[in-house]
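Here is the structure we will look at.
Excluded from the calculations below are hydrogen atoms, water molecules and symmetry mates; all remaining heavy atoms, backbone and side chain alike, are included. Atoms within each ligand, like the ligands themselves, are counted from 1 in listed order.
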Amino acid sequence: MKTIASPKAPLPVSTPDHLEERSRRARSEPMSVLSLGDGLYEVESASEHTYLVDLEAGRCTCPDHVFRDVRCKHVRRVAMEITEGRTPPPGEVALACHDCGETVFVDENVAASRYRDGADAPGPFYCADHAIAPGDTVRDRETGSRLTVVDVSEYRADAVEIRAADCTVAEYETNEAYDPNVPVVAAVYPHATVKRNGVVPSSLTVYTFPRTRLERVGSP
Ligand SMILES: [Zn+2]
Ligand SMILES: [Zn+2]
């Protein structure tokens, strides 16, 4: 709820008050912000004090907030870092793209649901450049072949059977080097092979891969 007392009042550009000073310090002072989840952020100041910020409640454990009840520089800094994309907003967590390591913000619940057995971090997750969807061209890291994605499943490689081979996608011999607990991607080779006697049926087959075996190529 915002109330503007005097919309025509000039901005106090030449008379910096305490508010502006806090805003300036929020931007320029060295502080490190760590997202803790649940809308909480840990802010370490240059003086090595550590404060806890609850962004949505606008609260901080620093004296400026606790005793003077002001929107302190720590709360401001957290808000700035979110606006600039350097810190995840409440409800999201920062994770690394599997292929390039770039930071991606992922919904906390989605991240929790993608926690894999024995993994240090959930995933795999991908940045916009490395995410794949049906229709995208990918490269098979094992053979170098290009394929077209037809489906990105939520099922894991150790839960999907390859009927012809009587084993799971994860157990298939050329997949053994890849995580068994990543999603399965279905893909086709882009061109059917046509011989004198017609289409070679195997060239129309949909193949399944552990997600991490495929990498996106080109841009759409
Ligand atoms: Zn503070
Ligand atoms: Zn990436």
Side-chain angles (χ1 to χ4, degrees), residues 16-90 92-107 110-111 114 116 119-141 146-147 149 152 178-179 182-183 185 187 209-220:
D17 59 8
H18 293 301
L19 280 177
E20 270 192 285
E21 178 59 16
R22 276 196 189 87
S23 184
R24 192 192 62 76
R25 291 206 312 248
R27 180 167 297 281
S28 61
E29 281 185 18
M31 285 185 245
S32 66
V33 174
L34 179 68
S35 169
L36 303 176
D38 290 330
L40 299 176
Y41 298 82
E42 190 180 275
V43 178
E44 193 181 316
S45 68
S47 54
E48 290 183 354
H49 283 99
T50 301
Y51 302 110
L52 193 63
V53 167
D54 179 340
L55 186 70
E56 282 167 325
R59 296 209 324 236
C60 181
T61 52
C62 76
D64 215 20
H65 177 77
V66 172
F67 300 117
R68 288 188 283 282
D69 198 28
V70 294
R71 189 170 151 87
C72 65
K73 62 187 178 185
H74 310 110
V75 172
R76 288 160 191 264
R77 178 62 164 260
V78 170
M80 277 175 199
E81 298 229 340
I82 290 170
T83 304
E84 288 161 15
R86 286 185 281 139
T87 295
E92 294 185 11
V93 289
L95 294 162
C97 168
H98 177 274
D99 284 5
C100 71
E102 187 186 303
T103 300
V104 282
F105 296 157
V106 180
D107 183 278
V110 172
R114 292 271 290 278
R116 301 172 288 129
D120 297 334
F125 293 102
Y126 296 90
C127 71
D129 287 343
H130 294 110
I132 57 171
D136 285 343
T137 302
V138 290
R139 194 182 75 90
D140 176 358
R141 294 182 205 264
R146 288 181 180 229
L147 298 101
V149 175
V152 181
Y178 298 89
D179 287 340
V182 299
V185 173
F209 299 86
R211 171 62 181 92
T212 44
R213 177 167 162 173
L214 302 173
E215 64 179 335
R216 167 113 158 255
V217 291
S219 40

**Prompt:** Got a salt bridge between D99 and R216, using NZ or NE/NH1/NH2 to carboxylate O under 4.0 Å?
**Reply:** no
**Message:** Working to the nearest 0.5 angstrom, can you tell me the gap between E20 CD and R25 CZ?
**Reply:** 12.5 Å
**Message:** Among the N, O or S atoms of H130, which one sits nearest to the Zn ion (ligand 2)?
**Reply:** ND1
**Message:** Distance check, rounded to the nearest 0.5 Å: L40 atom CG versus R59 atom CZ?
**Reply:** 9.5 Å
**Message:** For the Zn ion (ligand 1), give me the closest N/O/S atom belonging to H74, just the atom name.
**Reply:** ND1
**Item:** Backbone or side-chain N/O/S of C62 under 2.8 Å of the Zn ion (ligand 1)
**Value:** yes
**Test: R211 cationic atom under 6.0 Å from Y126 six-membered ring centre, within 45° of axis** = yes
**Message:** Any N/O/S atom, side chain or main chain, of C100 closer to the Zn ion (ligand 2) than 2.8 Å?
**Reply:** yes
**Fill in**
Interatomic distance, NZ@K73 vs SG@C62, rounded to 0.5 Å, equals 8.0 Å
**Fill in**
The SG(C97)-the Zn ion (ligand 2)-SG(C127) angle, to 10°, is 110°
